[in-house]
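Here the structure comes first, spelled out in structure tokens, and everything after it is commentary.
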2 protein chains.
Amino acid sequence: MIDMDRPELGALLTRLLREVTRREQPLLDRAGLPMWDYVILSALSGGDASTQAELSAATGRDKTRLIENLDRLERRGLVTRTPDPADRRNRIVSLTADGRRVRRRCHAAIHAMEEELLAGLSPSERAAFEHALVRLVNDHDS
Amino acid sequence: MIDMDRPELGALLTRLLREVTRREQPLLDRAGLPMWDYVILSALSGGDASTQAELSAATGRDKTRLIENLDRLERRGLVTRTPDPADRRNRIVSLTADGRRVRRRCHAAIHAMEEELLAGLSPSERAAFEHALVRLVNDHDS
DNA sequence: TATTGTTATACTCTATAACTATA
DNA sequence: TATAGTTATAGAGTATAACAATA
């Protein structure tokens with residue numbers, strides 16, 4: 001009985017993600033943004049969350065570790081934290097105009113990097129890949 | 001100028017990898033294998049490396065952290081370390097018959113899990129996805 | 001009593017440098 | 001001198017639990 005040993009999904013995804021991260025790092029460094037800070041800006045930009053608890057769930061960042069990111073982002077004037085009038089335990093996190101600008105610039109740079117990374121795929125291959133990736137992520141949104 | 005904000009590759013890959021890992025963990029726990037131990041067994045099984053330095057490069061595991069994994073695997077009788085006669089600084093790492101068995105059993109369980117994870121894709125979607133993934137990883141083997 | 005945000009503590013992981021034995 | 005493997009140590013990242021404010 002021969003084991004074909006097709007490479008595992010975990011191994012493939014790990015390698016590809018490592019490469020994406022490697023290329024992304026200098027782009028974020030240029031903006032002075034730690035990776036998690038950028039992830040948080042992106043989640044806010046996408047409207048995925050308003051309170052810190054929602055932000056934690058949306059990004060997968062532990063709520064206790066989220067705080068140092070928000071502290072730094074707030075200090076830099078990229079986000080604001082304001083108490084929710086409806087339930088004053090909550091704090092609504094919002095992007096400032098500056099935060100939106102910084103995030104958009106980073107996103108553009110990252111988008112260009114991704115174009116380059118995917119350039120080896122034919123248009124149809126690429127469409128199929130991205131479509132399947134989005135499908136899988138949405139199907140299994142833990 | 002409207003920013004379409006297509007989700008980024010990094011975010012998508014992170015989420016999917018998180019889900020794969022979450023499903024893989026109990027399978028490895030059942031075999032008593034820490035994640036890295038399994039990665040190392042797999043690399044050896046694939047013939048990607050023979051010395052520890054090569055193993056480190058093949059898996060992306062730091063050479064100093066590799067050692068505790070090899071110590072444990074050797075203690076359990078799943079791998080052997082023997083000095084290379086040609087250059088006695090090197091140590092050749094090999095799978096034992098037991099190591100091969102353990103690794104094959106885990107691989108089978110993980111393979112079944114992946115089948116389930118990908119079940120939502122049509123056969124053509126799935127083929128396209130896997131093909132593109134392998135292409136991208138091979139193209140950018142850092 | 002339960003929940004949001006926060007702080008403190010302990011634990012794990014990781015990176016660095018130093019050591020040995022070979023070459 | 002340089003390299004493979006090993007060990008030790010310090011720093012960063014992480015998880016847990018406890019706390020204050022609010023419901």
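Each chain gets a letter, A, B and so on, in the order the sequences are listed, and its residues count up from 1.
Near DNA chain D, defined here as any heavy-atom distance below 4.0 Å, there are no residues from residues 32-49 of chain B. Residues from residues 72-80 of chain A with heavy atoms under 4.0 angstrom of DNA chain D: there are none.
In this structure, Asn90(A) places its CG atom 14 Å from C1' of dT6(C), rounding to the nearest Å. We find that CG of Asn69(A) is positioned 14 Å from C1' of dA12(D), with the value rounded to whole Å. Atom CD in Glu54(A) sits about 14 Å away from atom C1' in dG5(C), given to the nearest Å. The CG-C1' distance, from Asp62(A) to dA17(D), rounds to 12 Å in whole Å. Atom-to-atom, CG of Leu66(A) to P of dT4(C) comes out at 13 Å; the value is rounded to the nearest Å. Between Glu68(B) atom CD and dT12(C) atom P the separation is 11 Å, expressed in whole Å. The CZ atom of Arg18(B) sits 11 Å away from the P atom of dT14(D) (whole-angstrom rounding).
Residues Phe129(B) and Leu17(B) share a single hydrophobic cluster, defined by chaining ILVMFWY side chains whose heavy atoms lie under 4.5 Å apart. Ile67(B) and Leu41(B) are assigned to two separate hydrophobic clusters, defined by single-linkage of ILVMFWY side chains at heavy-atom distances under 4.5 Å.
The salt bridge (Lys or Arg N to Asp or Glu O under 4.0 Å) contacts involving residues 131-140 of chain A comprise Arg135(A)-Asp139(A), Arg135(A)-Glu125(B), where partners must be two or more places apart or lie in separate chains.
The closest side-chain donor-acceptor pair between Asp98(B) and Thr96(B), if any, does not fall under 3.5 angstrom.
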(request) Kindly indicate, with the supporting measurements, whether the criterion side chain to side chain contact (heavy atoms under 4.5 Å, CB included) is fulfilled by His107(B) and Glu8(A). (result) CA-CA 8 Å; His107(B) 178 68; Glu8(A) 288 174 14; 2.7 Å; yes
(request) Using the side chain to side chain contact (heavy atoms under 4.5 Å, CB included) rule, take Ile92(A) and Thr51(A) through it: C-alpha gap first, then chi angles, then the decisive distance, then the call. (result) CA-CA 5 Å; Ile92(A) 308 289; Thr51(A) 71; 4.3 Å; yes
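For Arg126(A) and Glu130(A), the salt-bridge test passes: some basic side-chain N is under 4.0 Å from an acidic carboxylate O. A salt bridge links Arg81(B) with Asp71(B): the closest approach of a Lys/Arg side-chain nitrogen to an acidic carboxylate oxygen falls below 4.0 angstrom. Of the charged side-chain nitrogens involved, at least one lies within less than 4.0 Å of a carboxylate oxygen, so that Arg23(A) and Glu19(A) count as a salt-bridged pair.
Residues Arg103(B) and Leu44(B) are not in side-chain contact: their nearest non-hydrogen atoms beyond the backbone lie 4.5 Å or more apart. Side chains of Leu13(B) and Leu133(A) form a contact here, defined as non-hydrogen atoms less than 4.5 Å apart.
Applying the under-4.5 Å side-chain rule to Ile, Leu, Val, Met, Phe, Trp and Tyr, the cluster around Val39(B) extends to Trp36(B).
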Review item, nucleotides 6-10 of chain D N/O atoms under 3.5 Å of protein N/O:
residue, atom, partner, partner atom, Å
dT6(D), OP1, Arg81(B), NH1, 3.1
dT6(D), OP1, Arg91(B), NH1, 2.4
dT6(D), OP2, Gln52(B), OE1, 3.1
dT6(D), OP2, Gln52(B), NE2, 2.6
dT6(D), OP2, Arg81(B), NH1, 3.1

Could you list all N or O pairs between the protein and nucleotides 21-23 of chain D that sit under 3.5 Å apart?
residue, atom, partner, partner atom, Å
dA23(D), OP1, Arg88(A), N, 3.0

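If you take OH on Tyr38(A) and CD1 on Ile110(A), they are separated by 3.5 Å, rounding to the nearest 0.5 Å.
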